[in-house]
Amino acid sequence: MLQIYNSLTRQLEEFQPLYKDYVTFYNCGPTVYDFFHIGNARNFITFDNIRRYLIYRGYKVKFIQNITDIEDKIIRKAREEKVPVENITEKYTRYFFDYRNKLGILPADYHPRATEMIPFMIEMIKGLIEKGFAYEKGGDVLFSVAAFKDYGKLSGKKIEDLREGDRKKVKKEKEAAQDFVLWKSYKPGEPYWESPWGKGRPGWHLECSAMSMKYLGETIDIHGGGTDLQFPHHENEIAQSEAYTGKPFVKYWLHNGFLIIDGEKMSKSLGNFFMIKDVLDNYSPQTIRFFMCMSHYRKPLEYRKGILTNAQKGFNHIKDCYQFLKEHFSQTESPPFILCDELLHYQYLLPSELENFFKQLFAYKDEYESAMDEDFNFPQAVGALFNITKFLNTHLREDNVSHLPQKAAYGYALLDKLAGILGLGDPDYEKGTSKDDKTMDDIMEILLSTRQQLRKNKEFALADSIRDRLEKSGITIKDFPDKTTWSR
RNA sequence: GGCGGCGUGGCCAAGUGGUAAGGCAGGGGUUUGCAAAACCCUUAAUCAGCGGUUCGAAUCCGCUCGCCGCCUCCA
């Protein structure tokens, strides 16, 4: 049974989507005015892991993530660089997709842009005014928080408790300090759209409601985001959506914890952030994803010097195990994904002589699933992965193992499948087909066989120097009694 | 001021009623021409503090201390 911690009810709940095995899933996406940092990456990766696990559990998942391409910070940046707004948003949208891909995060089923939703957002605003939830003042349209009785149900805040005195400036147009803007009136030099209230642009909160409703329906199963979005962003989404439709907006609210640096939240405004593009210069995507699995997704995760090196070593265990297993594959073995299907869905196809082996393997698979079933406990799931690698490493190295190639292949298939949910699948899996890789393989084959000859002749000094020099070029080679392997 | 969260071995981190997973680091070993990898053994926490509930608590309740987040754009 899959249990999810729901921020709305503040408790663990059994996951039951609205429509049996179909899940509608929305995650708040980036505002495209800069590269994204490793803190943003935590959000993207967390919800990618969750999405992949739901798919693994047999759900059909429709996943939508917005691109905010009209917003104050974008306008400011465009002004600073003296370029049109579109230059900024196109550039950083492209970078967002690029680095998302590099991190192995699945694309959403659709990434709507805020600017393409404007007609629908205007529809919503009209509806909200008609129903008495919003009012127009001097070209702005504001949502009246007082009109929505459930306001505060997600964040647990009471309107009267909020410190309005501390708010930088309460706009004069507002009837109440907590009212938030649905439509912003035009100021000279800003992009604008025509509306019944004059030229202007939509308020930030509205786009998520609009996209969620348009692409996933009036009530959706899961809405994710960083914990800082809980208030006011998600609170406002609930208010405007439920006021508009009269129906519940989201069944399960999920919020990921922050990345902490030097004891503080990593954020753009504090200036203590690391861009993912820079981190990727020194660490692999799998290392970064392993790091994200080192803590429960709802808890804070400390990013500090050396922590990624630690993560790298952790992932190396899994990576080395892939390599070890692949060395024992028989050429006639089916591809891993077919073997994995047999393992998970067509168990009657499995060779009966491997029964004990599968029994062990399934015990660890169950351990992994139990961990993930309890609110996606990544650290515990990784523990189960280590149990699998240890089992395979030990068992398959015993003397006279029966059916070694088959066991290696099935073991590989399962490990790659389960680890892959967390973005820790075999990094080599997709490589090896391009021409460059083929050439590289040939060169290494020549080099290593020559070196093998040197070792046979006990010319160790030269053989070792080849190894050292390759290491400096980022290629690690390992000598075994019967063979030598290499990896990048 | 209001609301919420956190405090587990040297470090990271699971565990939320029956006497502490796992990873990294450290020590020893098997293996190896050496190195790496792998495996085995091992060092190390009474779970922030105090009090309470219970046959029994890291795990429930209360208080104290410390840290953090939200209340303003922010994953």
Side-chain angles (χ1 to χ4, degrees), chain A residues 7 10 27-31 33 36-47 71-73 76 152 155-170 178 204 224-233 235 255-260 263-270 273 290-291 293-296 298-302 304 306-307 309-317 319-321 323-324 367 371 374 377-387 389-390 392-398 455-456 458-461 463-464 467-468 471 476-481 484-485 487:
Chain A
S7 303
R10 293 163 203 278
N27 188 29
C28 285
T31 299
Y33 72 107
F36 65 92
H37 59 66
I38 189 162
N40 303 118
R42 186 180 192 195
N43 169 259
F44 305 149
I45 290 172
T46 294
F47 287 100
E71 204 263 347
D72 290 356
K73 290 190 291 284
R76 198 185 314 142
S155 56
K157 295 184 190 304
K158 297 190 190 96
I159 295 171
E160 56 272 24
D161 289 340
L162 301 176
R163 296 164 92 167
E164 31 181 289
D166 274 16
R167 294 194 147 215
K168 292 216 169 114
K169 46 184 185 275
V170 176
Q178 309 309 330
W204 172 54
T227 182
D228 58 341
L229 294 184
Q230 196 164 348
F231 188 90
H233 183 54
E235 197 69 70
H255 293 96
N256 65 279
F258 276 120
L259 215 70
I260 303 295
E264 276 185 312
K265 161 187 175 181
M266 177 184 291
S267 77
K268 291 272 178 67
S269 41
L270 292 171
F273 54 86
F290 188 94
F291 167 63
C293 292
M294 283 170 64
S295 169
H296 187 97
R298 280 192 284 120
K299 280 197 173 181
L301 175 58
E302 180 116 15
R304 58 163 62 139
I307 196 97
T309 305
N310 191 318
Q312 189 173 43
K313 287 175 180 166
F315 178 67
N316 275 348
H317 265 300
K319 190 175 145 197
D320 287 338
C321 191
Q323 179 128 26
F324 164 66
E367 191 185 330
E374 204 165 304
N377 194 327
F378 304 155
Q380 208 164 46
V382 169
L385 293 180
F386 280 125
N387 283 338
T389 58
K390 183 172 266 190
L392 294 172
N393 277 328
T394 307
H395 178 59
L396 301 186
R397 272 177 234 254
E398 285 166 5
R455 293 177 63 219
K456 209 172 255 175
K458 299 207 187 297
E459 297 191 47
F460 295 123
D464 288 354
R467 183 173 59 200
D468 292 346
E471 183 70 47
T476 304
I477 65 178
K478 294 175 190 165
D479 292 319
F480 293 90
T484 296
T485 65
S487 62

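Numbered from 1 within each chain, the chains take letters A, B, ... in sequence-line order. All figures in this text were calculated on a predicted structure; none of them were measured in a lab.
Mapping A:Lys73 and A:Leu301 onto RNA chain B by nearest heavy atom places A:Leu301 at the nucleotide closer to the 5' end. Residue order along RNA chain B, read from the 5' end via each residue's closest nucleotide, puts A:Met294 first among A:Met294 and A:Ala463.
The phosphate of B:C24 (OP1 or OP2) has a side-chain N or O of A:His317 nearer than 4.0 angstrom. A close approach under 4.0 Å does not occur between any side-chain nitrogen or oxygen of A:Lys268 and OP1 or OP2 of B:A75. Taking only side-chain nitrogens and oxygens, A:Arg304 comes nearer than 4.0 Å to OP1 or OP2 of B:C12. An OP1 or OP2 oxygen of B:A38 is reached within less than 4.0 angstrom by no side-chain nitrogen or oxygen of A:Asn393.
Nearest nucleotide to the side chain of A:Ile307, out of B:A14, B:C12, B:A75: B:C12.
Defined by atom type and a distance below 3.5 Å, a donor-acceptor pair is present between the side-chain atoms of A:Ser155 and A:Glu235. A side-chain donor-acceptor contact under 3.5 Å links A:Ser7 and A:His255.
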Show me the protein contacts with nucleotides 65-70 of chain B, counting only N or O atoms at under 3.5 Å.
unit_1, atom_1, unit_2, atom_2, d
B:C70, OP1, A:Lys265, NZ, 2.4
B:C70, O2, A:Lys157, NZ, 2.8

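The aromatic ring of A:Phe460 sits over the base of B:G33, with ring centres less than 5.5 Å apart and planes tilted by under 30°.
The same atom, P, is picked in B:C73 and in B:C61; the two are 34 Å apart, to the nearest Å.
Heavy atoms of A:Glu235 sit nowhere under 4.0 angstrom from any nucleic acid atom.
Between A:Tyr33 and A:Glu71 there is no side-chain heavy-atom pair separated by less than 4.5 Å.
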